[in-house]
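Everything on this sheet refers to the single structure shown next.
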Amino acid sequence: MDDLSTEKTDRELQKNKARFVLNQGAFMGLALAGVFWFLQMTGLETSFLDSVLNWLVYIGFIHISMVRYRQNFMSGSLEYGQGVWLGTRMAMLAGIVLGAWMFLYMKVINPSYTDELILQMQETYLPWECLKMRLLRWKISLLWLPILY
């Protein structure tokens, strides 16, 4: 009878661990979606602040979750591999939640977002492509210079 209760508590502990990781990953995904929404509303989606806020959410959530996981489930010690696995699972789930949010945003909330993104990329990268073509033409013309003289 004692083995049965130990097995039951082990299963409950495994379920609680899995539930913890799923909850933390989902909350991290929602926080990233909130950061995206905030940056879209303020017009700062192409700024340096975008990267900083996203990294702060990732690092903050994973760090706090590892500390809580270590204290609640691992008796105060967490190995490196366990921490990496915990962070990886949380980040994968956060990516799924963020991907679902982005799909909803691009298809329902703001369908013209993809057109805006393409226009922004063209404005950013087209001048570089023109510069590259000019440099390539200049380089080719320099190759012919010794032949002509």
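Because the structure is a prediction, the values reported are computed rather than measured.
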Same cluster (ILVMFWY, side-chain, under 4.5 Å), Val52 and Leu98: no
Shortest non-hydrogen separation from Ala94 to Met28 and the atoms involved: CB-CE, 3.6 Å
Spatial distance of atom NZ (Lys17) from atom CG (Leu86) [nearest 0.5 Å]: 10.5 Å
Minimum heavy-atom distance Ser65-Met90, with the two atoms named: OG-CE, 3.3 Å
Parallel, tilted or perpendicular, as decided by the 30° and 60° cut-offs, for the rings of Tyr69 and Phe20: tilted
Atom CZ of Phe36 with >12 non-hydrogen neighbours under 6.0 angstrom: yes
Interatomic distance, Gln40 atom CD to Glu116 atom CD [nearest 0.5 angstrom]: 7.5 Å
Separation of Asn72 CG from Asn16 CG (nearest 0.5 Å): 10.0 Å
Sidechain-backbone polar pair: Gln82 side chain, Glu79 backbone, donor-acceptor under 3.5 Å: yes
Check against ring pair (Phe, Tyr, Trp, His ring centres under 6.0 Å), Phe61 and Phe27: CA-CA 9 Å; Phe61 261 90; Phe27 289 140; 7.6 Å; no
Spacing of Lys107 atom NZ and Thr114 atom OG1 [to the nearest 0.5 Å]: 7.0 Å
Spacing of CD belonging to Glu12 relative to CZ belonging to Arg19, to within rounding of 0.5 Å: 7.5 Å
Flag side-chain contact, heavy atom, 4.5 Å: Ile109 against Trp101: yes
For Ala31 against Val57, the heavy-atom pair lying closest together: CB-CG1, 3.9 Å
Hphob cluster co-occupancy, Met66 + Leu13, side-chain heavy atoms under 4.5 angstrom: yes
From Leu56 atom CG to Leu32 atom CG, the distance as rounded to the nearest 0.5 Å: 11.0 Å
Shared hydrophobic cluster, Leu30 / Val21 (ILVMFWY, side-chain heavy atoms < 4.5 Å): yes
Linked, directly or transitively: Phe73 and Leu93 (ILVMFWY side chains, under 4.5 Å): no
Sidechain-backbone polar pair: Asn110 side chain, Met106 backbone, donor-acceptor under 3.5 Å: no
Met41 with Val35, same ILVMFWY side-chain cluster at under 4.5 Å: yes
